Amino acid sequence: MAVLQMHKMNICAMKKNRKKILELLQKKGCLEIQETDNEDSVFMKMNTATQISIFERNAALAENGLEVLDRYCPENKSMFAGLEGKKEIALEEFQNSIDHQQDIMNLVNKILQAQKSMEEKESAIVRCREEIQSLSPWSSLDVPMNYPGTKKTGFFIGSISGTYTQEALTAKIEQLEEMPDSVYAQVITADKFQTYVTVVFLRTQQDQVERALRNFSFNRAPLITSHTPEISVKKRENAIASIQKEIEALRQKLEEYSKRRMEIKEVADYYTVRAEKYRVVGSILQSKHTFFITGFIPEREIEDLRNNLENRFTVMIDVEEPEENENVPVLLSNNKTAGAVEGVVTSFGYPTKHEIDPTAITAFFYYFFFGIMLSDAAYGLLMFLGCLWALKKYPNMSEGMQKSLRMFKNCGLSTLVWGILFGGYFGDAITVIGHTFFGVDIVVPAVWFAPIDKPMEMLIYCMIFGIVHLFVGLGIKGYMMLRQKDMASFVCDVLFWYVFLIGLILMLIPTSIFGSLLGTIIVFPQWANLLAKIMTIGGMAGILLTGGRRAKNLFKRLLLGAYSLYDTTSWLSDLLSYSRLLALGLATGVIAQVINTMAAMGGKSVVGVIMFIIVFIIGHVFNMAINLLGAYVHTNRLQYVEFFGKFFEGGSREFQPFKENTKYVNVKEN
């Protein structure tokens with residue numbers, strides 16, 4: 001477990017080699033380049049905003065083209081496609097796409113134009129369908145919708161609110177005071193909300209008719225066509241069919257374009273990398289003939305990078321220690337077993353320069369507690385094999401996904417071990433299957449003991465595991481104080497607490513409360529009881545007198561010491577939190593047993609076997625999923641709240657080197 005030592009590297013080189021040097025740095029991905037503000041009359045920054053904008057725009061266009069292809073011509077992906085990661089391609093293939101980038105971008109423009117055309121045509125279809133819907137009530141009308149009438153008569157087409165029959169409409173028209181007697185209204189059709197009508201009147205009475213109809217909530221038809229409704233509907237249906245053929249032709253073009261999807265991905269990555277490169281170019285200082293780069297680099301990478309640069313270019317390289325107040329990035333270095341838990345640690349925070357990397361210790365307890373919480377050998381074996389298969393099957397998956405799967409693989413192995421110790425194999429599935437279908441009693445005994453049978457004993461062990469976990473956390477705090485040569489803080493904030501807590505535990509063990517949990521009373525010799533009291537009182541006095549040692553006033557110092565002593569309640573609540581190890585372990589086993597009992601209710605029959613298989617699979621999949629989630633959440637909680645709370649603050653930032661941050665491909669050089 002280690003936080004890699006960071007150094008500051010300064011590079012000065014000829015400007016003619018800038019492109020190749022930056023490409024080398026980007027390939028190596030080991031230097032976090034810092035932006036410098038010390039401009040003067042010689043060294044200045046270059047304005048690269050235009051170049052960055054061009055590359056970012058092209059990358060965005062390529063991404064948009066890929067989104068269009070994914071929408072209309074989706075790739076056939078397996079359910080595990082998310083594990084595949086970036087595709088590895090040869091440098092020659094990548095270079096070929098770069099050489100033909102203009103051709104590929106023209107293809108992207110064609111894709112976007114096809115999408116725009118398809119969207120316009122789809123909107124036209126929607127519009128035609130809306131018009132067909134508007135015309136449908138008028139389907140029985142045998143004159144065009146824009147029919148004006150004759151020389152002496154006018155003709156209105158519209159609707160009125162409410163549902164009317166022909167008789168009811170005629171009667172209503174006759175009752176309108178302003179309506180002339182010569183007006184004739186005919187019902188075309190009606191629905192729940194309105195009636196569609198035509199109105200014939202004398203042209204000389206048009207103004208009077210319009211006023212009367214307005215008072216009758218008459219609305220003109222919204223769509224006026226030069227054909228009868230029936231012909232208009234057919235024209236629009238034909239238009240829809242024609243547009244759909246055009247859309248299908250465009251879709252086929254997109255299908256053809258999609259064969260070059262990988263080229264578009266490669267170009268998108270190329271533009272992304274180029275934009276990042278020009279972002280760096282704009283952040284470094286440059287003169288007429290030279291340029292200057294400064295940044296952070298892990299100690300283990302210094303010699304390799306120095307040799308690569310000095311063997312290929314004329315450069316001046318200076319490596320120095322970062323200043324005390326500099327915001328130095330953090331890079332963790334752990335083996336695969338411990339490194340799988342780095343994501344858990346970094347989610348809480350990166351250790352500061354005064355802290356250690358707790359990943360390895362965290363990993364041990366993480367796997368330990370996770371296994372206890374899930375505690376079924378069959379579940380653990382399934383987790384282990386599933387994660388192992390995925391890791392072997394998809395070697396190119398992202399680093400973060402690899403770490404997560406390795407973590408759950410190790411958690412599965414721990415669960416397998418604890419399941420064997422506790423005797424859980426899909427709960428009591430072996431016993432139930434043997435008794436139900438074969439008439440024999442098969443019992444696979446626990447190698448250690450079954451928590452379901454001895455919950456109090458398991459609770460005692462959980463408390464012991466919790467004490468060890470908390471004491472290790474306090475020990476790490478003490479180690480960091482010793483490393484900083486802060487002996488006073490080590491004695492006052494660590495040693496006194498160890499003495500006090502150990503003495504308190506030794507005093508509680510012989511009590512009846514502890515004895516009722518354990519099932520037996522433990523009796524210490526007189527000297528051990530006396531030692532426990534001395535340690536408790538001595539530790540308490542030490543905390544009381546030194547907890548507020550930084551205060552100058554004696555009374556205030558004692559008050560602060562008493563407040564520090566109040567942290568005993570925090571230790572007690574932290575310790576009780578480890579009862580969740582028992583709770584989740586019991587939940588897994590009890591639910592598994594209930595599922596097995598329900599599955600066996602069909603008895604020894606064909607129907608019973610089918611019922612058993614269905615209930616068994618569904619039930620245990622659910623039980624495994626819900627308890628796996630519970631184990632994950634509560635194991636994280638024990639690390640974040642109880643363990644890290646004793647020593648770990650975090651607050652540093654992640655090391656982010658200048659590298660090729662591609663999204664789709666990894667370029668493999670020969």
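Source: prediction; values computed, not measured.
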Would you say the side-chain atoms of [X] pair up with the backbone N or O of [Y], donor to acceptor, closer than 3.5 Å?
X	Y	result
Gln286	Val281	yes
Lys45	Thr36	yes
Glu88	Asn666	no
Lys646	Val472	no
Gln26	Val273	yes
Ser333	Leu4	no
Gln402	Pro395	yes
Asp269	Val665	yes
Asn410	Arg406	yes
Glu342	Thr359	no

Please work out whether the ring planes of [X] and [Y] are parallel, tilted or perpendicular, with thresholds of 30° and 60°.
X	Y	result
Phe408	Tyr632	tilted
Trp497	Phe500	perpendicular
His469	Phe365	tilted

For this session: With sequence neighbours left out, write down each residue that passes side-chain hydrogen bond (donor to acceptor under 3.5 Å, both in side chains) with Glu23, or none if nothing qualifies.
Result: Lys19
Determine the minimum heavy-atom distance between [X] and [Y], stating which atoms define it.
X	Y	result
Phe471	Ile505	CZ-CD1, 4.2 Å
Val3	Pro351	CG2-CG, 3.7 Å
Phe291	Lys15	CD2-CA, 3.8 Å
Lys659	Gly29	CB-CA, 3.6 Å
Pro358	Val345	CG-CG1, 4.0 Å
Leu112	Gly65	CD2-N, 3.9 Å

For this session: Assess whether side-chain contact (heavy atoms from CB on, under 4.5 Å) is satisfied between Leu638 and Phe465, documenting all intermediate values.
Result: CA-CA 12 Å; Leu638 289 177; Phe465 298 152; over 6 Å; no
Count the heavy atoms of every other residue, nucleotide or ligand shown that sit under 6.0 Å from [atom1] of [X], and state whether that count exceeds 12.
X	atom1	answer
Gln484	CD	yes
Glu75	CD	yes
Asn76	CG	no
Lys353	NZ	yes
Met14	CE	yes
Glu399	CD	no
Met46	CE	yes

With rounding to the nearest 0.5 angstrom, report the [atom1] to [atom2] distance, [X] to [Y].
X	Y	atom1	atom2	result
Gln115	Arg71	CD	CZ	6.0 Å
Phe655	Met6	CZ	CE	4.5 Å
Tyr664	Lys87	OH	NZ	14.0 Å
Ser78	Glu84	OG	CD	5.0 Å
Ser489	Arg550	OG	CZ	5.0 Å
Leu91	Glu93	CG	CD	10.5 Å

Problem set entry | Of all pairs that satisfy side-chain hydrogen bond (donor to acceptor under 3.5 Å, both in side chains), the ones with a partner from residues 383-396, not counting sequence neighbours | none
For this session: Not counting sequence neighbours, list each pair that qualifies as a side-chain hydrogen bond (donor to acceptor under 3.5 Å, both in side chains) and has a residue in residues 51-61.
Result: Glu56-Arg279
Taking the side chain as every heavy atom from C-beta outward, state whether [X] and [Y] have any pair of such atoms under 4.5 Å apart.
X	Y	value
Leu24	Phe313	yes
Leu405	Leu83	yes
Val341	Gln639	no

What I want to check is whether the side chains of [X] and [Y] have a donor and an acceptor closer together than 3.5 Å.
X	Y	value
His7	Glu320	no
Glu92	Asn96	no
Tyr366	Asn636	yes
Asn661	Glu276	no

So if I apply the side-chain contact (heavy atoms from CB on, under 4.5 Å) rule between [X] and each of [options], which one comes out positive?
X	options	result
Phe296	Val328, Ile33, Leu31	Val328
Thr635	Tyr367, Phe369, Phe368	Phe369
Phe370	Leu581, Leu584, Leu628	Leu628

For this session: Evaluate side-chain contact (heavy atoms from CB on, under 4.5 Å) for Arg580 paired with Met373, printing each intermediate quantity in order.
Result: CA-CA 8 Å; Arg580 70 186 68 242; Met373 290 186 188; 4.0 Å; yes
For this session: Verify whether the ring centers belonging to Tyr461 and Trp448 lie closer than 6.0 Å.
Result: yes
Exercise. Taking it one step at a time, do Asp70 and Lys77 satisfy salt bridge (Lys or Arg N to Asp or Glu O under 4.0 Å)?
Worked result: CA-CA 11 Å; Asp70 288 340; Lys77 295 181 179 179; 5.6 Å; no
For this session: Run the salt-bridge test on Glu301 and Lys28 with the 4.0 Å N-O cut-off and return the result as yes or no.
Result: no
For this session: Begin from the C-alpha positions of Ser347 and Tyr640 and carry the test side-chain contact (heavy atoms from CB on, under 4.5 Å) through to its verdict.
Result: CA-CA 10 Å; Ser347 293; Tyr640 290 157; 3.4 Å; yes
Exercise. side-chain contact (heavy atoms from CB on, under 4.5 Å) between Arg260 and Asp103: does it pass, once the steps are laid out?
Worked result: CA-CA 11 Å; Arg260 301 179 66 184; Asp103 176 49; 2.8 Å; yes
